[in-house]
Asker: 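Please find one structure pasted underneath; my questions will follow.
First listed ligand is number 1; within each ligand, the first listed atom is number 1.
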Amino acid sequence: MIIKVIVIVLVCSKLDYSHSLPDIIRIGGLFAPLPNDDHQTTDPQEIAFKYAVEKINADNKILPRSKLHAEIERIMPQDSFHASKRVCHLMKTGVAAIFGPQSSHTASHVQSICDTMEIPHLETRWDYRLRRESCLVNLYPHPSTLSKAYVDLVNAWKWKSFTIIYETNEGLVRLQELLKAHGPSEFPITVRQLSDSGDYRPLLKQIKNSAESRIVLDCSTEKIYEVLKQAQQIGMMSDYHSYLITSLDLHTVNLEPFQYGGTNITALRLVDPENSLVRQTVKNWTASEPKSNKKINYGYDNASVIKAETALMYDAVHLFAKALHDLDTSQQIDIHPLSCDNQEPWPHGYSLINYMKIVEMRGLTDVIKFDHQGFRTDFVLDIIELSPNGLRKCGTWNSTSGVNLTRTYNDQQNEIKEILANKTLIVSTILSAPYCMRKQASQMLTGNDQFEGYAIDLINEISKILGFNYSIRLAPDGRYGSFNRETSEWDGMIKELLDQRADVAIADLTITYNREQVVDFTMPFMNLGISVLYRKPLKQPPNLFSFLSPLSLDVWVYMATAYLGVSVLLFILARFTPYEWPSTEQQEKVETQFTLLNCLWFAIGSLMQQGCDFLPKAPSTRMVAGMWWFFTLIMISSYTANLAAFLTVERMDSPIESAEDLAKQTKIKYGALKGGSTVSFFRDSNFSTYQRMWSFMESQRPSVFTSSNQEGVERVSKSKGSYAFLMESSSIEYIVERNCDLTQVGGMLDSKGYGIAMPQGSPYRTLISGAVLKLQEEGRLHLLKTRWWKEKRVLGSCRDDQSKSTSTANELGLANVGGVFVVLMGGMGIACVIAVCEFVWKSRKVAIEEKEISLCSEMASELRFAFKCSSKQRGQRSTQEGSSPNNVSDISDRFHPLGPPYAQYEFDSNKGHGIP
Ligand code: ASP
């Protein structure tokens, strides 16, 4: 800002000095020497420099009255002494600016001389220093800004982990921001250096073995081709590999050998060859070449490509010319020879530098603008990627809005679909019924025809949707895939994917967290859980006392108690109630028919549904009898019904009903498939039951683990109940449909799914996932399951068997028949209340009749009489009460004799009264 103000003031105050430039303005250029072996080759920087001078001289809008003259000096990249001498020589000729050199060794010497002499120094090379000399203008974007672009790109792609391959230490500086952004706290990244030997294969093999598929490559543009070629040789240029190349000149590399492999190769570029200005410039440039009779060394035989630094040199000359032109309008510029010896600086140097820093123009590298520190700002980088048709622009990056990818998700998917349609995918699987089985045939089968099963049908359906071909290969070790902690390696189908020997793994392969870390899974195509495969429960041998089974022991005990209780209550109430006593008239002895023994007999007679030869007469005792009959009716009916069920149903005996039962015992051994997700579930579980089960399984000798599901099933079949196999429910379902001796015990211990696995970063995952979903929604997956689980069954079905064994009879517990006991107890209570009423009623009646006796004394005498346990007689009233002989008839009135032999009447003639 301050500089701008100063310049504006200068412009306004010195308008009268305009157009004072000399006719010839010399500018010095320091370039690499011509190689000895090929004198026909010229440094493209030099050509660009000369061409820019030519172009400006031909343009009468910039510096119309003066001509630029290029003074070229060629210096060795390491020779700073010679470089200093050449710069001093240039100063002596009177140059207005020095351009170059590209070598960092000589550049600092040139820079210090320019600083002392205050001659503008224009550079176009990579320079990481944050503080730069005052006379320097570098058109190359600062590495920290470029580094930010790489970070933005990696974040936009959501790369979790990647490997950085760098060539020199400068590369690490270039990638500083990337290293900072993905430090150890995030996903760790690997950094490896390219060897000087030129053989990068050992390094690349190491990266391949680490299963890394995302690579940031930082090396000189000349080496990119060789590194990629060697990567291709060791199989690191597949569909699953992604390369981010930090060179801004990838478009100058011959990428034809890699463009059909499907590898994701991306880079940034500063110069857009499609830009009209660039196209025009390069066209004129190449057209002017034959004149010079020299060939430009582009590093690649396509003359239409232009390196970033070459374009920057062209832009640097234009920037200088524009700034000088502007400065010329504001002050008188005198360009004269300078001597390094007397160190007298050029007075216009700083003004020209300041003008250059505020100039805003468009060049081959688009907008040329500098910030207050003198670094390029507001420039745009193209994001380019390799496609089957060569490199193409897929987005842009700029420092304010970051990455802007122009290709939509749909475009990408459509392109991947096209690529997939021409591919033959290698499908890894293992033999596991009914997912993949060998086909039985009379003739020799080859290729995919050898196999059949659910997984084979599934991949076939998917291939029809997406149009790819496939070739099925069995995983050599026949395993699903588990991580061996000792060797730090995966095995089975997962290893096939990691080693890129297969593109897809399809089987009853469970989606697990550990596997998901190294491969990509599609949506699950089947849901399941771990369960127990065990032999079917055995029939129980007939039991001698099975007639007791319909009722539980509790109920039997309660029934016996109820029987005794009711008998005793009947006995008590029969004594208590006056209506249960026979008439004493003409009888010597009165006694109720409900003696204790008779009560027991009465109750058992009713319980057995046989009846009895005497019956209660009083309402209270009838109430007791009624309730007891009700109770017996319900109990006997329930017993009979349940007995019928017990006699028709076979009793099954299973020692285990669930996985918890397995954990509780040690007699029945149990195991699972070695190296499978089931074993991992128990090994990694936090639940104490499963941890206990895992310790048990591990401690068993011989091992309880099997190498295939088939082996586990055979072991269960042969073990006669001493072995249970922990297996996935879908496979159990398949087994129990065919093997009638086996069954699933208990429910599922977890819930998970089978998925199709692919190498990490596979571009086909989304498409294959979509195809799986489509098949699911169309009901095709269900049809496939029915086909392989139910329809393709061997003769003989276990289904009838199953339906038989599913109906069971259970003994009736107190919970089932408790209500009857409650009703009985209620009835007994009511009977007691009625008995009390009867007693009071009768006592009152007697008391009224025998006027001289009070109700209370009558009740007391009756009570005494009823509960005098030693006597079973009930006669006339006691003498103490002074009753007349008439009382006999009174008492006899109270009772209703049944007649002999049930009632005995006893009359004590000595006392004249029926005394108890
Ligand atoms: N389907 C399982 C797996 O993918 C095998 C098993 O453990 O039962 O590992």
Side-chain angles (χ1 to χ4, degrees), residues 427-437 453-456 458-459 474-485 489-498 502 504-534 659 662 670-685 690 693-694 697-698 703-716 723-736 742 744-746 748-758 785 788-789:
V427 177
S428 179
T429 188
I430 56 167
L431 291 174
S432 163
Y435 303 94
C436 175
M437 300 168 284
Y454 179 91
I456 309 298
L458 179 60
I459 194 72
L474 294 179
D477 57 4
R479 288 192 173 215
Y480 290 87
S482 61
F483 186 67
N484 186 332
R485 289 179 189 167
E489 274 197 15
W490 283 87
D491 59 17
M493 286 180 279
I494 302 290
K495 187 172 168 62
E496 294 295 290
L497 294 177
L498 291 179
V504 169
I506 186 163
D508 48 334
L509 184 67
T510 313
I511 303 170
T512 66
Y513 173 76
N514 286 341
R515 288 174 184 165
E516 179 68 45
Q517 299 305 302
V518 291
V519 294
D520 283 347
F521 280 100
T522 58
M523 303 292 291
F525 59 81
M526 196 180 279
N527 294 312
L528 56 125
I530 297 172
S531 197
V532 183
L533 181 75
Y534 191 55
L662 267 184
Y670 46 91
L673 178 79
K674 217 185 293 167
S677 59
T678 308
V679 155
S680 315
F681 168 82
F682 285 97
R683 191 189 53 217
D684 305 334
S685 177
Y690 302 148
M693 287 174 82
W694 173 244
M697 286 192 265
E698 260 199 323
S703 171
V704 287
F705 300 115
T706 65
S707 51
S708 69
N709 276 341
Q710 185 57 31
E711 189 188 323
V713 173
E714 278 164 19
R715 207 158 154 182
V716 177
Y723 182 79
F725 190 55
L726 293 154
M727 197 177 176
E728 284 163 332
S729 56
S730 51
S731 304
I732 293 182
E733 218 178 296
Y734 174 78
I735 297 296
V736 300
L742 303 182
Q744 175 177 334
V745 172
M748 292 195 268
L749 310 189
D750 63 351
S751 171
K752 49 200 179 185
Y754 292 147
I756 302 173
M758 271 162 267
K785 184 152 186 208
W788 288 102
W789 264 251

Asker: In this structure, is the centre-to-centre distance between the rings of W789 and Y435 below 6.0 Å?
Answerer: yes
Asker: Which of the numbered atoms in ligand 1 are under 4.0 angstrom from any heavy atom belonging to L673?
Answerer: 5 (C), 6 (C)
Asker: Keeping S729 on the side-chain end and S531 on the backbone end, is there a donor-acceptor pair under 3.5 Å?
Answerer: no
Asker: For R515, which part has a heavy atom under 4.0 Å from ligand 1: side chain, backbone, both, or neither?
Answerer: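 Side chain only.
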Asker: Pairs of nitrogen or oxygen atoms closer than 3.5 Å, one from Y480 and one from ligand 1: do any exist?
Answerer: no
Asker: If we ignore hydrogens and angles and just use 3.5 Å, is the side chain of D750 paired with the main-chain N or O of G529 as donor and acceptor?
Answerer: no
Asker: Do you see a donor-acceptor pair shorter than 3.5 Å between the side chains of E728 and S677?
Answerer: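 Yes, S677 and E728 have a side-chain donor paired with an acceptor closer than 3.5 Å.
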Asker: How does T510 reach ligand 1, by side chain, by backbone, by both or by neither, if only non-hydrogen atoms under 4.0 Å count?
Answerer: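 Answer for T510: both.
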Asker: Any atoms of ligand 1 less than 4.0 Å from a non-hydrogen atom of Y754? List them with their elements.
Answerer: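 So the atoms of ligand 1 that pass are 1 (N).
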Asker: Checking ring pair (Phe, Tyr, Trp, His ring centres under 6.0 Å) between F705 and each of Y670, F682, W694, F725, which is the one that passes?
Answerer: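 For F705, the ring pair (Phe, Tyr, Trp, His ring centres under 6.0 Å) check succeeds only for W694.
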Asker: To the nearest 0.5 Å, tell me how far T429 OG1 sits from L474 CG.
Answerer: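 The distance works out to 7.0 Å.
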Asker: Which protein heavy atom lies closest to atom 6 (C) of ligand 1, and at what distance to 0.1 Å?
Answerer: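 Minimum-distance protein heavy atom for atom 6 (C) of ligand 1 reads T678 OG1, 3.2 Å.
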Asker: Looking at ligand 1, is there an atom of it that comes within less than 4.0 Å of some heavy atom belonging to F681?
Answerer: no
Asker: Which atoms of ligand 1 have any heavy atom of G676 under 4.0 Å away?
Answerer: 7 (O), 9 (O)
Asker: Does some non-hydrogen atom of E728 fall short of 4.0 Å from ligand 1?
Answerer: yes
Asker: Mark yes or no for whether T512, through its side chain, and R515, through its backbone, hold a donor-acceptor pair below 3.5 Å.
Answerer: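 Answer holds: yes.
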Asker: Quick check: N709 and ligand 1, any N/O pair under 3.5 Å apart?
Answerer: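 Between N709 and ligand 1, no N or O pair is found under 3.5 Å apart.
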